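From a predicted model like this one, the values you see are computed outputs, not experimental measurements. Naming: A, B, ... by sequence-line order, numbering from 1 per chain. Below, each value reflects all heavy atoms present in this structure, side chains not excepted, and no hydrogens, waters or symmetry copies.
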There are 4 protein chains.
Amino acid sequence: MVNERKVLVIECTDSTGLIAKITNICFEYQLNIIRNDEFVDCDHNRFFMRTELEGQFSDKRMVDQLARALPKNATIRLVDPGRKRIVLMVTKEPHCLGELMMKSQYGSLNAEIIAVIGNHNTLSELTEKFSVPFHHVSHENISRELHEQQIKDIIDRYNPDHLVLAKYMRILTAGFVEHYPNKIINIHHSFLPAFIGAKPYHQAYERGVKIIGATAHFVNNDLDDGPIITQDVIRVDHRYSAEQMAEAGRHVEESVLAHALQQVLNEKVLVYGNRTVVFD
Amino acid sequence: MVNERKVLVIECTDSTGLIAKITNICFEYQLNIIRNDEFVDCDHNRFFMRTELEGQFSDKRMVDQLARALPKNATIRLVDPGRKRIVLMVTKEPHCLGELMMKSQYGSLNAEIIAVIGNHNTLSELTEKFSVPFHHVSHENISRELHEQQIKDIIDRYNPDHLVLAKYMRILTAGFVEHYPNKIINIHHSFLPAFIGAKPYHQAYERGVKIIGATAHFVNNDLDDGPIITQDVIRVDHRYSAEQMAEAGRHVEESVLAHALQQVLNEKVLVYGNRTVVFD
Amino acid sequence: MVNERKVLVIECTDSTGLIAKITNICFEYQLNIIRNDEFVDCDHNRFFMRTELEGQFSDKRMVDQLARALPKNATIRLVDPGRKRIVLMVTKEPHCLGELMMKSQYGSLNAEIIAVIGNHNTLSELTEKFSVPFHHVSHENISRELHEQQIKDIIDRYNPDHLVLAKYMRILTAGFVEHYPNKIINIHHSFLPAFIGAKPYHQAYERGVKIIGATAHFVNNDLDDGPIITQDVIRVDHRYSAEQMAEAGRHVEESVLAHALQQVLNEKVLVYGNRTVVFD
Amino acid sequence: MVNERKVLVIECTDSTGLIAKITNICFEYQLNIIRNDEFVDCDHNRFFMRTELEGQFSDKRMVDQLARALPKNATIRLVDPGRKRIVLMVTKEPHCLGELMMKSQYGSLNAEIIAVIGNHNTLSELTEKFSVPFHHVSHENISRELHEQQIKDIIDRYNPDHLVLAKYMRILTAGFVEHYPNKIINIHHSFLPAFIGAKPYHQAYERGVKIIGATAHFVNNDLDDGPIITQDVIRVDHRYSAEQMAEAGRHVEESVLAHALQQVLNEKVLVYGNRTVVFD
């Protein structure tokens, strides 16, 4: 039989001997450890481990055995690192959509984009160039709840592994977000200092910032406030207009989103509370 | 006669022909332009120019002639790019003080540190290693006004070109700040997102940020809100404790402060409103 | 009449009064200077100036007047900063082609890609998604000279402003290169230290490098040795396989090439000898 | 009894069950794993593990037990992460010396600099400011062998954990280097492309490079060719003279050297062949 590769992801309360217990069980099932990352958050007494395994996974009893060996509150996932299925949500800006399409179909992004949903129709043409179905779900003249219900109906038809907000510019309700726990990834601009409210790039321009950033994060409740996955910045100067700052921001946004998504797809991101452990 | 080098810095309302008028006058006084940087802020109709000149500056009429040729509101400075004299204000943290001492005495920082003032005595030993006088002005048991008056007395005795807050951890009053317009340079940590209030590194740690930054800026009224000179960031991850994040922050702080100060010393930073033009 | 914007680019031997002479003439023709960058290479006594002008350019005598006022060897270009027409040359790798297509059709790249030429047919499908003609010119079974002649015939039919080697993996002859002086832009990977010869990423991997870079440059004679326009790097570590290093390299390549091309299109890059002045 | 912390570093041929065997033994000795990093180089079938342990280390049989459990060729080190003792070698440039002195005495560098050896006397004053002994060992008028012997005599009197070449500008013989295997750390400038031979900054300047880098590495045989620990870069442009490029280079050198040394001191760097595994 040909060997397979899987990723074992474990999170639980810390105690002495956890790695020994876990790796003994892997050894018992004759699984070879290709890569192992482990982290203990001593402040919160929390244990995190990610293990890339190679071997035969036909014997399904291993996960049960792990569950018996580990603390009661442990979450144990044995996942296939194969190509994931994702749905994108967009509004009008094409840069993140285009980057993810290119990286998915011609690059190394380990995911198939199975559908794109837009609250405007602007990006249907770009989406269809790549032979991906585009669903236009207008938010006009209907309630927020009905709009989100229509979107949910489409998403659930595809049953994606992840939902990526590729510059989707509407705030999602708590109800929608809770339906997809730790499955929604968003990108937004970030500044030092932060600018709250409308037209952030105009504020940044008026303030003369020298750096513009982007943050990719999971969406929990508040749109821009979930666990951070990746951040990056780009330099600007006084010669940038507000529009040129926004353009620089778009460049770093598309790059950070693609990188964060790749890390999530490779099962390298563990979420706990409002933080992440990223075994990059 | 040996040629000298000076820097001409001009700011005024924009109008057609300004560069011609200015460079004609330079030509008339037989000054060669080594480097010229110019910027027009079209939104605010504002003209900025920085010119490195080489030649004889003995004829003092040139600046008057420029003043007659330029708009009434023009600020015209013909400055010597030579070594400046600076006073540092510190509290307890040594990293920025040490970096500036090294760069000043052994590196390329174009300034002599002529005195250090501390509201604690902690850094006297480090300061005196470099044969620079240290003045301990405790803030304890006296009013804020009296404390600042004592500091002002020392500063004014030295009459420095610039005052650098090298991790001086007390807020300065508006009265103090207005006494040294565009002369005070400060460094402070910056985050994406921003954290307001006490223990920012603990907040950043709890939020799981992936980037920590520092901003060097002029001090106008509010301590951390003046015109930005330079910013930079450093990467951190989940394995950093709050203290290790603070250590990473100190590293980027000392580097950003030294860089910003060098730009100011080289007369490359023009302030207007709450922004800067940096001809780096 | 509506005002236009043009860019004046001048290079000549340095002498006192050049900026005055040039800006006087601009003033005489009632042209407003929006932005002006100037640089003197003192080692080689060489003057460079780039001026963004706004006004009426109908009077064609201005350039002649500049030529009379400036040193004999001056090159003077008054160019339209409008959308340029470019031809791409590719082999099999899609990442640079895709990035430029996206930035050209959906982003801020100030150019129209009017044709793509490939020595393999691999990228015809991606090219045609974007409604751009693809020309397959196989190098097999014909002489290098004939192959280049066939490519030249196609290029000259389009008469592009620039020719971009977007991972074109064949060496061009001196004859071909000389036909398009300072018009050909190339991208190639760069390492510290450099690795010469075949399989550079395998060499970099074996050596355990921690940084991988990319350099965009003009092509003069030797493929990878012309004047550098832009460089950037990306971090890697021991966990990267040679293939993952190559993937990281592709990411930085596409980003550097798009940035360099944007600078060239905006007439911000002046070439002299084997160097560039980039007024970014 | 108070708990201690130690770091267990293991390298050996890879085989199934290694982590289980190692962590079982840690568990048996009631040691808690604070942090664990592991890496398998599949190409060379090599296993690397670094484990931070907390507990009682009084029972000395653990390492023997590990040796019996692991492959014959395993190297096993159980090290104290405490403050190390280092000797610096310098020539005339102060920047790396000053940075390491500051970080050692006032910052977070986990090392005591116990002596500085210079082949010139230039840096004695700076060294002695920090109350560290300086030994001037001139290379003039004596053979290379005798010079190195005199240096070795001083070094061996101090018996340091590491020897840091903080801009020591002479080539060391193979005999000297072999005397301190994986103990000598060097810093040198790096460029893309690389410049070989004399005056590299002049070459970089003539070539118009846009990025300047530095590489910290272990010294094996050839001075600049050992296993790379850390690299970083800094941006430059056409306005930098060769001297200003060198100054930018010095800034990145001191920063990279301090960072690499910190990683080595924290036992995060494992060397094998001409590569490193850095568990940062």
Got a list of side-chain donor-acceptor pairs under 3.5 Å for residues 273-280 of chain A, not counting sequence neighbours?
from	atom 1	to	atom 2	distance (Å)
A/Asn274	ND2	A/Asp225	O	3.4
A/Arg275	NE	B/Tyr205	O	3.1
A/Arg275	NH1	A/Asp41	OD2	3.2
A/Arg275	NH1	A/Tyr272	OH	3.1
A/Thr276	OG1	A/Ile228	O	2.6
A/Thr276	OG1	B/Lys210	NZ	3.0

Where A/Gly17 and D/Phe27 come nearest, the two heavy atoms and their spacing: CA-CD1, 3.5 Å
Heavy-atom closest pair, residues A/Asn24 and D/Ala20: OD1-CB, 3.2 Å
Residues which pass salt bridge (Lys or Arg N to Asp or Glu O under 4.0 Å) with A/Arg83, listed by chain and number, not counting sequence neighbours: none
Trace of the side chain to side chain contact (heavy atoms under 4.5 Å, CB included) decision for A/Asn32 with D/Asp14: CA-CA 10 Å; A/Asn32 197 22; D/Asp14 189 33; 3.9 Å; yes
Min side-chain heavy-atom separation D/Ile33-A/Glu38 under 4.5 Å: yes
Residue among A/Ile19, A/Val40, A/Leu18 with most heavy-atom pairs under 4.5 Å to chain D: A/Ile19
Proximity breakdown for D/Leu31 and chain A, heavy-atom pairs closer than 4.5 Å: backbone
Atom CD of A/Glu28: over 12 foreign heavy atoms under 6.0 Å: yes
Separation of A/Asn36 CG from D/Met49 CE (nearest 0.5 Å): 8.0 Å
Approximate separation, where rounding is to 0.5 Å, of D/Asp37 CG and A/Asp37 CG: 6.5 Å
D/Glu243 atom CD, neighbour heavy-atom count above 12 within 6.0 Å: yes
Part of A/Cys42 lying under 4.5 Å from any heavy atom of chain D: side chain
